[in-house]
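Structure first, then comments.
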Amino acid sequence: MKNIIQNINKAFDHRIRLGIMSVLMVNESADFSTLKELLGVTDGNLASHTKALELENYIAIEKQFIGKKPNTSYRATKEGRKAFQDHIDALEKLIQKK
């Protein structure tokens, strides 16, 4: 049981970070507006949680201009994909324990 719990990643404890990673695991990338709408969060909440994931090197952030409007997009890094999959696997094993 202890080994399973060790694979539960604190970076994904918060529902917003869990949501961000879930979206990025099934999409190549997502922009700020899409994540905000899908997760139903404020600009500030989304910005702080994406920053936390970026500091862990779990997501990469790309900023560009589309026309004259700024656009920020996010994608899961290879490291982030592995860490999130390990987290999900640990949760599944924990649920299956009797």
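Please read these numbers as outputs of a predicted model, since none were measured by experiment.
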Have a look at Asp89 and tell me which of His87, Lys93, Gln85 forms a side chain to side chain donor-acceptor pair (under 3.5 Å) with it.
Gln85
Could you give me the CA-CA distance, side-chain angles and deciding distance for Arg75 and Glu28, then say whether side-chain contact (heavy atoms from CB on, under 4.5 Å) is met?
CA-CA 6 Å; Arg75 66 173 177 77; Glu28 187 175 319; 5.9 Å; no
Measuring from atom OG of Ser73 to atom NZ of Lys63, what distance do you get when rounded to the nearest 0.5 angstrom?
10.5 Å
Nearest-0.5 Å distance, CG of residue Asp43 to OG of residue Ser33
8.0 Å
side-chain contact (heavy atoms from CB on, under 4.5 Å) for Tyr74 and Thr50? Distances and angles first, verdict last.
CA-CA 8 Å; Tyr74 307 89; Thr50 54; 3.7 Å; yes
Going by an N to O cut-off under 4.0 Å, is there a salt bridge joining Glu79 and Lys82?
no
Interatomic spacing from CD1 in Ile66 to NZ in Lys68 - rounded to 0.5 Å
15.0 Å
Do Asp86 and Asn9 come close enough that some side-chain heavy atom pair is under 4.5 Å?
no
Please round to the nearest 0.5 Å and tell me the distance separating atom CD of Glu56 and atom CZ of Phe12.
8.0 Å
Using a strict threshold of under 4.0 Å (side-chain N to carboxylate O), is an ion pair present between Arg17 and Asp13?
no
Distance-minimising heavy-atom pair for Met21 and Gly80
CE-O, 3.5 Å
Quick one, Leu35 and Val23 - any side-chain contact, counting heavy atoms below 4.5 Å?
yes
From CD1 (Ile61) to OG1 (Thr77), nearest 0.5 Å:
11.0 Å
If you measure from CZ on Arg15 to CG on Leu18, what distance do you get to the nearest 0.5 Å?
10.5 Å
Do Asn45 and Thr42 come within less than 4.5 Å of each other through their side chains, counting heavy atoms only?
yes
Side-chain touch Phe32/Asn71, heavy atoms, less than 4.5 angstrom:
no
Is it true that, when you exclude Glu37 itself, more than 12 heavy atoms of the residues, nucleotides or ligands shown sit nearer than 6.0 Å to its CD?
no
Can you find a heavy atom in the side chain of Thr34 that is under 4.5 Å from one in the side chain of Asn27?
no
Are the side chains of Glu62 and Thr72 in touch, meaning some heavy atoms are under 4.5 Å apart?
no
Are the aromatic rings of Phe84 and Tyr58 close, with centres under 6.0 Å apart?
no
